[in-house]
Q: 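One structure, as structure tokens, below. Some questions next.
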Amino acid sequence: MTFTGLSAFPLTPLVDDAVDEDGVATLVRRLSAAGVDSITALGSTGGYAYLTRQERATVARLAVEHAGSTPVFVGIGALRTSQVLAHAEDAQRAGAAGLLLAPMTYQPLTADDVFTLFRTVVENSSVPVIVYDNPGTTHFTFGLDLYARIAELPGIASIKIPGVPADLAEAREHVARIRAVVPERVTIGVSGDAAAATGLAAGCEAWYSVIGGTLPELALRITRAARTGDHRAALAESERLTPLWEAFATLGGSLRVTAAIAEQRGLVRRSCLPLPILGLDDAERAHVARLVDALGLDS
């Protein structure tokens, strides 16, 4: 199993405060048909932190069932280690090809806390683990020393890093510093969709993508150009999508915008996000609809 290319992060749509199983199946089938390299269910875009153990087990099962031959990675983050291990067990039972682990926190975590969490998980898992570094959501920041300690653990397959610097030279230096402390067997994947093309040009082997979970063709154009070495084309396509990336930044985050797009396209029902997240209001939805039309994202 190689953790490279485009890993698409679909929503977990809800209806009447329960998982919309038909919606999950629809989103996953579209991703597999589009040819993404992997599907990551129950990432932050998949709302894992808002779901019960049973709901998460259901989503993992549906994702694997409807993904065809596309590998499925499953998010297992939770506040307590025992809960993380339970989610890992459910994901593996469903047939997950890998586990995505973010160190969730209410009380501040130390580097030793997080290292011990990852060590415990890999010791109790039979599939590879992706390190999920998402300080904007989890409020925990990894350092190079912690990357190095965790990456040496057997079973660690990839590190999902936050967005890289916008300047390509600085981005290359940033990725090179990480690569210098982690084994070659561990891939480095960029997140933060606006930074993806730059991250791939800077040496990242994977893109863990929010927008790829709803508009996979868009994300595949960038990924495939980058993987063939045509970074100029990848960067140009990302630059063309600047209004979309700006909407992510100004309309309450990529989750809300992506949900609005999925709802407008009829992929999921209206108000698919877990309360208290209300999603976009009518004026914001109209703005996103115009943006989608102007950028040709429906074509």
Q: Rounded to the nearest 0.5 Å, how far apart are CG of Asn134 and CE of Met104?
A: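 Rounded to the nearest 0.5 Å, the CG-CE separation comes out at 11.0 Å.
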Q: Under 4.5 Å between any side-chain heavy atoms of Ile261 and Leu215, yes or no?
A: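 Side chain of Ile261 against side chain of Leu215, heavy atoms only: contact under 4.5 Å found.
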Q: Do the side chains of Arg61 and Glu65 get close enough for a salt bridge, i.e. N-O under 4.0 angstrom?
A: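 Between Glu65 and Arg61 there is a salt bridge, with a charged N closer than 4.0 Å to a carboxylate O.
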Q: Side chains of Phe142 and Val131: closer than 4.5 Å at any heavy-atom pair?
A: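 Yes, side chains in contact.
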Q: Please answer: with hydrophobic residues joined when any side-chain heavy atoms are less than 4.5 Å apart, are Val186 and Val175 in the same cluster?
A: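 They do share one cluster, since a chain of ILVMFWY contacts under 4.5 Å joins Val186 to Val175.
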Q: Would the distance check show the side chain of Ser191 and the main-chain N or O of Ile161 forming a donor-acceptor pair, the cut-off being under 3.5 Å?
A: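 Pair found, side chain donor or acceptor close to backbone of Ile161.
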Q: Does some side-chain heavy atom of Ile76 sit less than 4.5 Å from a side-chain heavy atom of Leu85?
A: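 No, every pair of side-chain atoms sits at 4.5 Å or beyond.
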Q: Is Leu235 reachable from Leu218 through a run of I, L, V, M, F, W or Y residues, each pair having side-chain heavy atoms under 4.5 Å apart?
A: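 Not linked; separate clusters.
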Q: Would you please say whether a donor-acceptor pair under 3.5 Å links the side chains of Ser7 and Thr40?
A: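 Result is yes, a qualifying pair exists.
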Q: Write down the atom of Leu273, the atom of Gly279, and the distance for their closest heavy-atom approach.
A: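 For Leu273 and Gly279, the tightest heavy-atom pair comes out as CD1-CA, 4.0 Å.
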Q: Evaluate the criterion side chain to side chain contact (heavy atoms under 4.5 Å, CB included) for residue pair Tyr208 and Asp193; output intermediate values, then yes/no.
A: CA-CA 8 Å; Tyr208 295 105; Asp193 286 357; over 6 Å; no
Q: Measure the spacing between CD1 of Ile222 and CZ of Arg227 and express it to the nearest 0.5 Å.
A: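 Those atoms lie 14.5 Å apart.
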Q: May I have the step-by-step check of side chain to side chain contact (heavy atoms under 4.5 Å, CB included) for Glu237 and Arg232, ending in yes or no?
A: CA-CA 9 Å; Glu237 177 64 8; Arg232 180 175 298 179; over 6 Å; no
Q: Got a sec, which residues hit side-chain contact (heavy atoms from CB on, under 4.5 Å) with Ala25, two or more places apart in sequence or on another chain?
A: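 Ala25 satisfies side-chain contact (heavy atoms from CB on, under 4.5 Å) with Arg29, His66 once adjacent residues are dropped.
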Q: How close do Leu100 and Gly43 get, heavy atom to heavy atom, and via which atoms?
A: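 Of all heavy-atom pairs spanning Leu100 and Gly43, the closest is CD2-CA, 4.1 Å.
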Q: Report the residues that fulfil side-chain contact (heavy atoms from CB on, under 4.5 Å) with Asp293, sequence neighbours left out, ordered by chain and then residue number.
A: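 For Asp293, no residue satisfies side-chain contact (heavy atoms from CB on, under 4.5 Å) once neighbours in sequence are set aside.
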Q: Leu11 and Leu27: which non-hydrogen atoms are nearest, and at how many Å?
A: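 Here Leu11 and Leu27 meet closest at O-CD1, 3.7 Å.
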Q: For a side chain to side chain contact (heavy atoms under 4.5 Å, CB included) check, start with the C-alpha distance between Thr12 and Leu51, then their side-chain angles and the critical distance, and finish with the verdict.
A: CA-CA 9 Å; Thr12 299; Leu51 304 178; 3.9 Å; yes
Q: So, taking the atom named CG in Leu99 and the one named CD in Gln92, what distance separates them when rounded to the nearest 0.5 Å?
A: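 Leu99 atom CG to Gln92 atom CD measures 5.0 Å (nearest 0.5 Å).
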Q: Could you tell me whether Arg270 and Asp282 have a side-chain N and a carboxylate O separated by less than 4.0 Å?
A: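 Judged by the 4.0 Å cut-off on N to carboxylate O distance, Arg270 and Asp282 do form a salt bridge.
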Q: With the threshold set at 4.0 Å, does a side-chain nitrogen-carboxylate oxygen contact exist between Arg149 and Asp112?
A: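 Yes, Arg149 and Asp112 are salt-bridged.
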Q: Step by step, work out the side chain to side chain contact (heavy atoms under 4.5 Å, CB included) result for Val84 and Leu79.
A: CA-CA 8 Å; Val84 172; Leu79 289 174; over 6 Å; no
Q: Honestly curious: do Val181 and Leu153 fall in one hydrophobic cluster under the side-chain, below-4.5 Å linking rule?
A: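 In one cluster: yes.
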Q: Centre-to-centre under 6.0 Å for Phe3 and Phe73, is that the case here?
A: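 Yes; Phe73 has its ring centre under 6.0 Å from that of Phe3.
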Q: State the CG-CG distance between Leu6 and Asp37, to the nearest 0.5 angstrom.
A: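 Here the rounded value is 6.0 Å.
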Q: Which atom pair, heavy atoms only, marks the closest approach of Arg30 to Pro216?
A: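 Arg30 and Pro216 have their closest heavy atoms at NH1-CD, 4.0 Å.
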Q: Looking only at heavy atoms, what is the nearest atom pair of Gly212 and Leu31, with distance?
A: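 Looking at all heavy atoms of both residues, the closest pair is O-CD2, 3.1 Å.
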Q: Will you find, in the side chains of Trp245 and Ser238, an N or O donor that is under 3.5 Å from an N or O acceptor?
A: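 On atom types as modelled, these side chains qualify, holding a pair under 3.5 Å.
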Q: Once side-chain contact (heavy atoms from CB on, under 4.5 Å) is applied, do any residues pair with Thr116, and if so which ones, sequence neighbours excluded?
A: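 With neighbours one apart ignored, the set is Arg119, Thr120.
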Q: Determine, for Arg179 against Glu205, whether the closest basic-nitrogen to carboxylate-oxygen distance falls under 4.0 angstrom.
A: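 Yes, Arg179 and Glu205 are salt-bridged.
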Q: Between atom CD of Glu263 and atom OG of Ser271, what is the distance when rounded to the nearest 0.5 Å?
A: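 Atom-to-atom, Glu263:CD and Ser271:OG are 6.0 Å apart.
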Q: Measure from the ring center of Tyr48 to the ring center of Tyr50 and say whether it is less than 6.0 Å.
A: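 Between Tyr48 and Tyr50, the centre distance exceeds or equals 6.0 Å.
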Q: Give me the atom names and distance for the closest heavy-atom approach of Ala151 to Ile156.
A: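 Smallest heavy-atom distance, with atoms named: CA-CG2, 4.1 Å.
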Q: CG/Leu14 to CD/Glu55 distance, rounded to the nearest 0.5 angstrom?
A: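 Atom-to-atom, Leu14:CG and Glu55:CD are 7.0 Å apart.
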Q: Report yes or no: is the cationic atom of Lys160 (NZ for Lys, CZ for Arg) under 6.0 Å from the centre of the six-membered ring of Tyr147, at an angle within 45° of the ring normal?
A: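 Lys160 over Tyr147 ring: no.
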Q: Does the side chain of Pro135 reach to within under 4.5 Å of the side chain of Asp133, using non-hydrogen atoms?
A: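 They are in contact (side-chain heavy atoms under 4.5 Å apart), so the answer is yes.
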Q: Tell me whether Asp90 is salt-bridged to Arg53, with the criterion being a basic N under 4.0 Å from an acidic carboxylate O.
A: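 Counted as a salt bridge, because a side-chain N and a carboxylate O are separated by less than 4.0 Å.
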Q: Does the side chain of Val210 reach to within under 4.5 Å of the side chain of Leu255, using non-hydrogen atoms?
A: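 With C-beta onward as the side chain, the pair stays apart.
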Q: With a 4.0 Å cut-off on N to O distance, would you call Arg256 and Asp281 a salt bridge?
A: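 No.
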Q: Shared ILVMFWY cluster between Ile39 and Ile211, side chains joined below 4.5 angstrom?
A: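 In one cluster with Ile39: Ile211, yes.
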Q: Are a donor atom and an acceptor atom from the side chains of Thr58 and Glu21 found within less than 3.5 Å of each other?
A: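 Checked: Thr58/Glu21 side chains show no N/O donor-acceptor pair below 3.5 Å.
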Q: So if you build clusters from Ile, Leu, Val, Met, Phe, Trp, Tyr with side-chain heavy-atom gaps below 4.5 Å, do Phe140 and Ile178 land together?
A: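 Hydrophobic grouping puts Phe140 with Ile178.
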